[in-house]
Novice: 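Got a structure for you, written out below as structure tokens; questions coming shortly.
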Protein chains: 2
Amino acid sequence: MPRNDKQVRLWVEGQLRAAGLKVTPQRYAVLDYLWSNRTHPTAEEIEAAVNQRFPCASRATVYNTLHALHEAGLVQELYGQGGVTRYDIKVEPHHHFICRRCGLIEDVKVERLSVKARLPLQSGHRVEELDVVIRGLCAKCRKIAEG
Amino acid sequence: MPRNDKQVRLWVEGQLRAAGLKVTPQRYAVLDYLWSNRTHPTAEEIEAAVNQRFPCASRATVYNTLHALHEAGLVQELYGQGGVTRYDIKVEPHHHFICRRCGLIEDVKVERLSVKARLPLQSGHRVEELDVVIRGLCAKCRKIAEG
DNA sequence: ATAACCGTTTAGACTTAATCTAATTTACGT
DNA sequence: ACGTAAATTAGATTAAGTCTAAACGGTTAT
Ligand SMILES: [Mn+2]
Ligand SMILES: [Mn+2]
Ligand SMILES: [Zn+2]
Ligand SMILES: [Zn+2]
């Protein structure tokens, strides 16, 4: 796990190369942003952040990159209410709490959840991944709702 | 659990009234359709099905109804790849398997999965619901992919 | 039954996340 | 350096879902 800027650079480049992707400034910027911002940003937020200093990535490229990273298993896509996909770097597996009122998304460590699937399913499907979304009211919205 | 048409009619009407909703032909049609079609249809599919005989529900009404039923806890919304929400009547809790290749959505009985959340979360959030999505390749796509 | 109220329905315009396209640029192996 | 396949781009396009203001119709009270 990289600690300083140089290590992050090498890690990001290594991850891209390992996924068979050319290392472009755009891809670097997107993956570097996701590495240092675990806030489940939307594609639009990523585009804005990445283009803050020197505009360098078009919308199409941001989407292309995110899809490539997703297929490479480096990035998780979160589909939620509102039809806006959010993106999350996949450094270690974790689940999510989502507040139904304010939309807050919070990581939930796997240790706080015990999920055991009786696998493989009888149907012959191959299970690759288990996404758990805990829904409810965050502490803040709870206060408001409970009065 | 209703068995014949008349019982279904009474059940559907009762559910609507219990949710504080007026019983309109449009709402009846949507809920009745979801009762008898557990295929995770999209709003568009529901609209088409409901309007097959006598057009009676506009797009806005289909969405209004689905949202009302969702808020009443009668209908579950499934957000997935492609930004198209799918709807599922909530008769008994269950989870879902989704094939990443062909998009197949299959119910997974809760008995096949043991999910235990160490709750409540320390954060003070109120947990209301646990959605589990099992992702992978369905038997059919598995064969194609594995050659 | 009648009336009146307010929740519900409606068509169609509108918003916007995401995709598509075809021309241009660029990373990288040789 | 060069050549080529891969990647980027601006802008048009698609389509899921929302919004609006006018008309309608369940429900309840009389
Ligand atoms: Mn996360
Ligand atoms: Mn289901
Ligand atoms: Zn909240
Ligand atoms: Zn499949």
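Note: hydrogens, waters and symmetry copies are ignored here, and every other heavy atom, side chains too, is used. Per chain, numbering begins at 1; letters A, B, ... match sequence-line order.
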Novice: Can you tell me how far P of D:dG17 sits from OH of B:Y87, to the nearest Å?
Specialist: 5 Å
Novice: More 5' along DNA chain C: B:P25 or A:V84, using each one's nearest nucleotide?
Specialist: B:P25
Novice: Kindly point out which of D:dA16, C:dT8, C:dT10 is positioned nearest to the side chain of B:N64?
Specialist: C:dT10
Novice: Give me the residues of residues 31-50 of chain B where at least one heavy atom lies under 4.0 Å from an atom of DNA chain C, by number, or none.
Specialist: none
Novice: Which nucleotide in the list D:dT9, D:dT18, C:dA11 gets nearest to the side chain of A:T61?
Specialist: D:dT9
Novice: Identify whether any heavy atom of A:R86 sits under 4.0 Å from a base atom; if not, whether one sits that close to sugar-phosphate; answer base, sugar-phosphate or nothing.
Specialist: nothing
Novice: Taking 4.0 angstrom as the limit, do B:R135 and A:D131 come out as a salt bridge?
Specialist: yes
Novice: Look at B:T24 and C:dT9 and indicate whether a side-chain polar atom (N or O) is within less than 4.0 Å of OP1 or OP2.
Specialist: yes
Novice: Does a side-chain N or O from A:H67 land closer than 4.0 Å to OP1 or OP2 of C:dA18, or not?
Specialist: no
Novice: Rounding to a whole Å, what distance do you find between A:L78:CG and C:dA17:P?
Specialist: 17 Å
Novice: Quick test of your reading of the model: are A:R86 and A:E45 salt-bridged, counting only N-O distances below 4.0 Å?
Specialist: yes
Novice: Which of the following nucleotides, D:dT8, C:dT10, D:dA10, is nearest to the side chain of A:T65?
Specialist: D:dT8
Novice: Starting at the 5' end of DNA chain D and moving along, which residue's nearest nucleotide shows up first, B:R17 or A:L21?
Specialist: A:L21
Novice: What's the closest nucleotide to the side chain of A:Q26 if the choices are D:dA10, D:dT8, C:dG12?
Specialist: D:dT8
Novice: For the pair made of CD in A:E71 and C1' in D:dA6, what is the distance, rounded to whole Å?
Specialist: 15 Å
Novice: Send over the distance from A:R27 CZ to C:dC28 P, rounded to a whole Å.
Specialist: 9 Å
Novice: Could you please name the option among C:dG12, D:dT8, D:dT27 that lies closest to any side-chain atom of B:V23?
Specialist: D:dT27
Novice: Could you give the OH-to-P distance, from B:Y79 to D:dG17, as a whole number of Å?
Specialist: 10 Å
Novice: Hey, mind stepping through A:V108 and A:H94 against side chain to side chain contact (heavy atoms under 4.5 Å, CB included) and telling me if it holds?
Specialist: CA-CA 6 Å; A:V108 176; A:H94 64 271; over 6 Å; no
Novice: In this structure, which one of A:T85, A:V133, A:V84 forms a side chain to side chain contact (heavy atoms under 4.5 Å, CB included) with A:Y79?
Specialist: A:T85
Novice: Where the side chain of A:A57 is concerned, which of C:dT10, D:dT9, C:dA18 is the nearest nucleotide?
Specialist: D:dT9
Novice: If I take atom CG in residue A:L66 and atom P in nucleotide D:dA7, what distance separates them, rounded to the nearest angstrom?
Specialist: 15 Å
Novice: Identify the residue among A:R142, A:R100, A:R101 that makes a salt bridge (charged side-chain N to carboxylate O under 4.0 Å, His left out) with B:E128.
Specialist: A:R100
Novice: Under a plain distance cut-off of 3.5 Å, with no hydrogens placed, do A:Q26 and A:Y28 share a side-chain donor-acceptor pair?
Specialist: no
Novice: Please tell me which of the listed nucleotides, D:dT9, D:dA12, D:dA7, lies nearest to the side chain of A:R59?
Specialist: D:dA12
Novice: Linking I/L/V/M/F/W/Y whenever any side-chain heavy atoms sit under 4.5 Å apart, do A:W35 and A:L16 land together?
Specialist: yes
Novice: Grouping I, L, V, M, F, W and Y whenever their side-chain heavy atoms are under 4.5 Å apart, do A:V23 and A:V75 come out in a common cluster?
Specialist: yes
Novice: For B:Y63 and D:dT20, give me the distance from atom OH to atom C1', rounded to whole Å.
Specialist: 17 Å
Novice: Across the strands shown, which category fits B:S58 at heavy-atom distances under 4.0 angstrom: base, sugar-phosphate, nothing?
Specialist: base
Novice: For the side chain of B:K22, starting at C-beta, report the closest nucleotide among C:dT9, D:dC19, D:dG25.
Specialist: D:dG25
Novice: Quickly work out the B:E77 CD to D:dA16 P distance and round it to whole Å.
Specialist: 16 Å
